[in-house]
Q: 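Supplied in structure tokens, the structure appears directly below.
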Amino acid sequence: MRYSYRKANKRYYRTPFKPLMAMVTALCLVLQTGCFERKKTDESNSGLKSGDIISEDTPWFDSMVIELDGGYKDNGDVEYLELEYVGCTDKALVIHYSGNYVKNNGDSRYLIDDIVFVDPDTGEEITRTDISGYRLNGSEIKNISIESGLVVCEMKVKDDLTGKRNDKCLLIDDFGEVNLRDMSELDFDENKTGEYYIDGFTYSLSYDFAGAGYSVRVKTPEGNDNSFEISGNGTKIYDVKAFLRLDDGKILIPTYTDKGSMYFVYDPQSNDLENATKKYKLLDKDFNKIKGHCIDCNAGYADADSIYVIDTRDKRAKEVFNRNFCNIICPDLRSLMVIRADSSDIKLFDIKGSNDPRHIIETACIYSFKKDVINPNAGKTVIELATGYDTVPDGIAQAIIDYNARNDTKCYVITSGRYVLDYEDVTESGNDIAFLKQRAEISNQMAIDILNGNGPDMYINNSSIHQINNGNCLVDITEIANSLPDDQYFTNVIKTASVNDANYQLPLSFLLTGVQVSSNKNIPKDGVTLKEWPRFVSEYCNGIDPLYMNRDYYFMILYANMSDKFIGADVFTPDNKDLYELAEYCKYNVSKDGTSADDYFSSEQENMINAVYSVMGGIYDYFDALPSNSKSSFVGLPSTDGRGVAYIPSDCVAISADSKHIDECKEFVKLLFSEKYQEMLADCGGNVVNRKAFESGCKKYQEYFNNDKANRMERALRDSDIEDYKKIANSASHVFEIDSQMLFIVSEELKAYFSDQKQYDEVIKIIADKAKKMSSENT
């Protein structure tokens with residue numbers, strides 16, 4: 001089976017070829033919008049809006065990233081290294097490193113099996129214990145957890161002579177001392193679900209299967225033992241969310257039950273437990289977002305931008321950190337483990353994927369944020385930048401950090417989530433039309449906000465919001481597009497992203513879409529017409545149509561590829577031959593239900609597939625689909641005019657017509673096209689519009705890919721491959737674009753024509769009427 005290394009947020013994932021291509025097909029429409037996250041109603045920039053002044057008491061955090069390489073980073077012989085976050089003691093976080101060196105050969109000396117205690121404040125290693133030597137023959141680690149400050153490695157051991165199980169256990173403390181014990185000797189509860197440390201007390205929580213509740217063992221600072229049961233008098237308690245210290249020293253215990261939430265308060269002095277549900281019921285919506293627990297037992301959770309902790313006095317979650325108020329690039333905070341969170345000291349833990357496309361070598365880091373007394377941006381005016389998704393690419397984030405550091409009067413603040421697709425809703429419906437409908441609704445809201453003076457100053461990654469591509473909503477920045485030289489930029493991508501000769505949204509990076517064909521035959525041209533497509537599939541694709549999706553989706557893909565043919569309310573007439581030919585082709589040549597990914601990539605026809613519908617985010621996608629011993633060509637999707645390869649705007653930038661800072665925004669747009677930030681956007685092989693940054697990214701990926709000590713790849717990535725890929729980027733002649741509002745109308749109405757419920761002319765009249773009405777409303 002062929003494999004592909006997929007890159008996301010500087011991580012490479014080794015993914016089977018068949019599911020990968022199915023995923024690319026299914027997500028094509030979503031990819032081009034940049035919207036993967038759930039739409040939020042909460043503000044994620046501490047409520048700051050365009051024109052606000054940053055106050056002196058606006059929080060600011062001195063920030064740093066503490067890299068944890070585990071001591072293996074400089075050892076070039078490490079072939080595989082995987083990390084497991086074990087948990088936290090009262091003063092350390094614990095990581096399990098497992099893997100092997102290249103010269104393995106089954107020799108245990110080349111295995112990596114270490115338990116490491118790490119100081120969360122400094123990242124320094126406290127102790128390291130190699131547990132490989134303690135493993136008995138045939139043993140298997142069942143579980144690694146923390147019990148009363150000790151790391152407990154449970155091992156399943158089978159006696160070869162008797163065949164009986166004799167499970168063992170390693171107990172490791174933060175001094176590195178190890179004890180090997182029989183599990184039967186230990187008083188550890190297999191049903192234990194967590195351990196909390198508050199004011200010198202240790203609370204060990206266990207699920208009681210018989211009583212449908214939880215039992216808690218309490219060890220006092222003096223070493224005495226207490227216990228109590230958490231039960232709801234017939235109510236089944238499914239989960240305990242946290243242990244929280246109240247002002248009077250008592251402990252709040254929120255739970256989830258078969259009748260909703262219940263809250264208990266425990267008094268460690270009297271060992272009494274009371275039901276306090278009525279008093280704390282307001283905390284329900286915040287506790288539903290909590291996962292895990294922190295070292296200091298502040299119950300916290302994260303969204304993409306912010307860290308929140310539960311304030312038991314005010315009975316609500318309070319934002320204690322926002323990534324706008326630090327000087328480092330922060331990832332999506334939801335992907336990190338909160339190991340400490342209070343108003344002045346925050347520690348987040350992250351396991352980072354391999355930086356090498358051939359080997360899984362994971363590393364980790366601690367994001368450390370300490371609150372500063374002075375905010376360096378105090379007194380500056382906010383320029384609000386809204387993004388089309390919750391994560392901000394490193395190149396744009398770094399440009400904002402640099403701009404804010406050197407500008408004395410203005411400060412960019414990111415608002416993510418204002419106009420973001422509710423991806424859960426679209427996924428649950430399984431309906432591509434639901435995606436279009438939701439994008440149309442977001443488009444309406446953006447236009448309304450701008451026209452009412454409530455919009456942000458700038459937009460990033462909203463290229464599919466076609467409705468705002470006009471002078472009423474956005475600033476024409478054609479002057480910037482025209483200032484970019486052809487020999488330094490892919491101006492074939494930049495300048496063709498225009499509407500009525502005006503450029504409202506300029507692409508900083510892009511995807512390439514078309515059909516990649518592996519054939520030793522010379523493919524006659526870069527594009528194929530709809531009339532030529534069946535013969536092309538037969539002659540060059542072994543008779544297997546790479547566009548295997550259902551008819552509705554098939555139509556939407558080809559419509560988006562010819563979007564320039566369908567711009568304007570007056571184009572929807574019976575005389576529009578392009579729309580008629582496209583509809584006719586889909587009705588009579590495309591299956592209503594299409595083919596499932598499993599059937600399409602079945603083992604019976606896998607060897608027959610030599611053409612794939614592809615969306616290429618970088619040279620890594622192109623090289624993955626290259627055959628080792630045959631010629632590869634990249635052709636455009638079938639169309640009425642046989643057009644070639646299309647590009648999909650990825651990271652786009654636009655300026656609101658309502659902005660009070662248009663000149664400053666234009667300067668920032670120019671900054672984003674500079675080589676420094678374009679290289680960061682290119683990351684390791686991605687498509688950016690700056691030619692030097694594009695080539696630099698390709699070369700960087702080539703270096704990663706070809707430096708293969710294990711020699712497991714079929715062939716190296718050659719300079720000629722990079723040149724071929726550059727030619728494809730140069731050949732991109734038009735934009736693959738979705739006008740969500742219009743495509744929603746067209747797709748919905750054509751269903752009646754596809755199913756023979758209405759004549760084509762009837763359907764077109766309905767579409768034309770709705771298009772004119774929509775155009776009038778937009779105006």
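Any value given below was found using the heavy atoms of this structure, including those in side chains, with hydrogens, waters and symmetry copies removed. Because the structure is predicted, anything quoted here is derived from the model rather than measured.
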Q: Looking at Phe490, I'd like to know if the NZ or CZ of Arg691 sits under 6.0 Å from its six-membered ring centre while staying within 45 degrees of the ring's axis.
A: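 Judged by the rule, Arg691 and Phe490 form a cation-pi pair.
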
Q: Does Gln759, at its CD atom, have more than 12 non-hydrogen atoms belonging to other residues, nucleotides or ligands within less than 6.0 Å?
A: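 Open: at most 12 neighbouring heavy atoms sit under 6.0 Å from CD of Gln759.
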
Q: Does a side-chain heavy-atom distance below 4.5 Å link Asn687 with Ile619?
A: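 In short, these two side chains do not touch, never coming nearer than 4.5 Å.
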
Q: Taking Lys577 first and then Glu581, would you say they form a salt bridge - that is, a charged N and a carboxylate O separated by under 4.0 Å?
A: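 The answer is no: the pair does not qualify as a salt bridge.
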
Q: I'd like to know if the side chain of Ser656 and the backbone of Met458 have a donor-acceptor N/O pair within less than 3.5 Å.
A: no

Q: Return the set of residues passing salt bridge (charged side-chain N to carboxylate O under 4.0 Å, His left out) with Asp724 (not counting sequence neighbours), or none when no residue passes.
A: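 For Asp724, no residue satisfies salt bridge (charged side-chain N to carboxylate O under 4.0 Å, His left out) once neighbours in sequence are set aside.
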
Q: Can you find a side-chain donor-acceptor pair between Ser509 and Asp651 that sits under 3.5 Å?
A: yes

Q: For the residue pair Leu474 and Gln505, establish whether any side-chain heavy-atom pair is separated by less than 4.5 Å.
A: yes

Q: Measure from the side-chain N and O atoms of Ser483 to the backbone N and O of Ile480, and report whether any donor-acceptor pair falls under 3.5 Å.
A: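 Yes.
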
Q: Indicate yes or no: at least one non-hydrogen side-chain atom of Val590 is less than 4.5 angstrom from one of Tyr585.
A: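 Val590 reaches Tyr585 side chain to side chain.
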
Q: Indicate yes or no for a side-chain donor-acceptor contact from Asn610 to the backbone of Tyr540 under 3.5 Å, with no hydrogens or angles considered.
A: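 Here the side-chain-to-backbone pair exists.
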
Q: Are Phe754 and Phe555 close enough that some pair of their side-chain heavy atoms sits under 4.5 Å apart?
A: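 Sidechains of Phe555 and Phe754: in contact.
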
Q: Is Val537 close to Ile544 at the side-chain level, that is, under 4.5 Å between some pair of heavy atoms?
A: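 Heavy-atom side-chain distance check fails, nothing below 4.5 Å.
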
Q: Would one find more than 12 heavy atoms of other residues, nucleotides or ligands at under 6.0 Å from atom NZ of Lys587?
A: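 Yes - once you tally the heavy atoms of other residues, nucleotides and ligands closer than 6.0 Å, there are more than 12.
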
Q: How far does CZ of Phe634 sit from OG1 of Thr513, to the nearest 0.5 angstrom?
A: 6.0 Å

Q: So, does Tyr760 use its side chain to make a donor-acceptor pair with the main chain of Tyr580 at under 3.5 Å?
A: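 Here the side-chain-to-backbone pair exists.
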
Q: Apply side chain to side chain contact (heavy atoms under 4.5 Å, CB included) to residues Met742 and Lys770 and explain how you reach the verdict.
A: CA-CA 9 Å; Met742 199 62 247; Lys770 289 188 174 182; 5.9 Å; no

Q: Check whether Asn469 reaches the backbone of Tyr504 with its side chain - one donor and one acceptor, N or O, closer than 3.5 Å.
A: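 Such a contact is absent between Asn469 side chain and Tyr504 backbone.
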
Q: Applying side chain to side chain contact (heavy atoms under 4.5 Å, CB included) to Met549 and Leu547, what does each step give before you reach the verdict?
A: CA-CA 6 Å; Met549 63 281 292; Leu547 304 177; 3.7 Å; yes

Q: Test side chain to side chain contact (heavy atoms under 4.5 Å, CB included) on Phe736 and Leu637 and set out the steps.
A: CA-CA 10 Å; Phe736 180 103; Leu637 293 167; 4.1 Å; yes

Q: Between Asp476 (side chain only) and Thr478 (backbone N and O only), is there a donor and an acceptor less than 3.5 Å apart?
A: yes

Q: Kindly compute the distance separating CG (Leu385) from CD1 (Ile414), expressed to the nearest 0.5 Å.
A: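 One gets 6.5 Å once the value is rounded to the nearest 0.5 Å.
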
Q: Can you classify the ring geometry of Phe694 versus Tyr725 as parallel (below 30°), tilted (30 to 60°) or perpendicular (above 60°)?
A: parallel

Q: Report the residues that fulfil salt bridge (charged side-chain N to carboxylate O under 4.0 Å, His left out) with Asp487, sequence neighbours left out, ordered by chain and then residue number.
A: none

Q: What are the two closest non-hydrogen atoms of Asp761 and Pro574, and how far apart are they?
A: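 So the minimum-distance heavy-atom pair works out to OD1-CB, 3.9 Å.
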
Q: For the residue pair Ile764 and Thr573, what are the closest heavy atoms and their distance?
A: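 It is CG2-C, 3.6 Å.
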
Q: Could you give the distance from SG (Cys652) to CG (Leu672), rounded to the nearest 0.5 Å?
A: 11.5 Å

Q: Could you pull out the closest heavy-atom pair between Ile494 and Asn503, with the gap in Å?
A: O-ND2, 3.4 Å

Q: Are Lys592 and Asp552 within salt-bridge range, i.e. N to O under 4.0 Å?
A: no

Q: With under 30° as parallel and over 60° as perpendicular, where do the rings of Trp533 and Phe536 fit, or are they tilted in between?
A: parallel

Q: Report, as yes or no, whether the 6.0 Å neighbourhood of atom CG on Asp501 holds more than 12 heavy atoms from other residues, nucleotides or ligands.
A: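 Counting neighbours around CG of Asp501, 12 or fewer heavy atoms of other residues, nucleotides or ligands fall under 6.0 Å, so no.
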
Q: What's the shortest heavy-atom distance between Asp394 and Met680, and which atoms?
A: O-CE, 3.6 Å

Q: After noting the C-alpha distance and the side-chain angles of Asp486 and Lys495, does the key distance pass the salt bridge (Lys or Arg N to Asp or Glu O under 4.0 Å) rule?
A: CA-CA 10 Å; Asp486 293 346; Lys495 294 179 181 179; 3.8 Å; yes

Q: Between the side chains of Asp719 and Gln702, does any donor sit under 3.5 Å from an acceptor?
A: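 There is such a pair (donor and acceptor under 3.5 Å, judged by atom type) between the side chains of Asp719 and Gln702.
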
Q: Report the distance from atom CG of Asp621 to atom CG of Leu511, rounding to the nearest 0.5 Å.
A: 8.5 Å

Q: Rounded to the nearest 0.5 Å, how far does OG of Ser639 lie from CE of Met562?
A: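 OG of Ser639 is found 6.0 Å from CE of Met562.
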
Q: I'd like to know whether Gln488 forms a side chain to side chain donor-acceptor pair (under 3.5 Å) with Asn690, so could you lay out the CA-CA distance, the side-chain angles of the two residues, the decisive distance to 0.1 Å, and finally the verdict.
A: CA-CA 6 Å; Gln488 297 178 32; Asn690 182 287; 5.8 Å; no

Q: Using modelled atom types only, decide if a donor and an acceptor are shared between the side chain of Asn576 and the backbone of Val571 within a distance under 3.5 Å.
A: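 Yes; at least one donor-acceptor contact below 3.5 Å.
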
Q: Hey, does Val635 have a side-chain heavy atom less than 4.5 Å from the side chain of Val645?
A: no

Q: Please check if the side chain of Arg643 supplies one atom and the backbone of Pro638 the other of a donor-acceptor pair under 3.5 Å.
A: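 No.
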
Q: Hey, does Asp641 have a side-chain heavy atom less than 4.5 Å from the side chain of Thr529?
A: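 Side-chain contact under 4.5 Å: no.
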
Q: Does Lys772 offer a backbone N or O that forms a donor-acceptor pair with the side chain of Asp570 under 3.5 Å?
A: no

Q: To the nearest 0.5 Å, how far apart are OH in Tyr559 and CG in Leu750?
A: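 If we round to the nearest 0.5 Å, Tyr559:OH and Leu750:CG are 9.0 Å apart.
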
Q: Does either side chain, that of Asp599 or that of Ser596, offer a donor lying less than 3.5 Å from an acceptor on the other one?
A: yes

Q: Quick one: does Thr415's side chain get under 4.5 Å of Thr387's, heavy atoms only?
A: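 Contact flag for Thr415/Thr387 side chains = no.
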
Q: Does His734 reach the main-chain N or O of Asn561 with its side chain, forming a donor-acceptor pair under 3.5 Å?
A: yes

Q: Please assess Asn589 against Tyr554 for the test side chain to side chain contact (heavy atoms under 4.5 Å, CB included), listing each intermediate value before the final yes or no.
A: CA-CA 11 Å; Asn589 295 277; Tyr554 201 112; over 6 Å; no

Q: Can Glu723 and Ser720 be counted as having a side-chain donor-acceptor contact under 3.5 angstrom?
A: no

Q: Write down the atom of Pro456, the atom of Ala386, and the distance for their closest heavy-atom approach.
A: CG-CB, 3.5 Å

Q: Which atom pair, heavy atoms only, marks the closest approach of Ser733 to Gly644?
A: OG-N, 4.3 Å

Q: Less than 4.0 angstrom from a charged side-chain N to a carboxylate O is my criterion; do Lys765 and Asp769 meet it?
A: yes

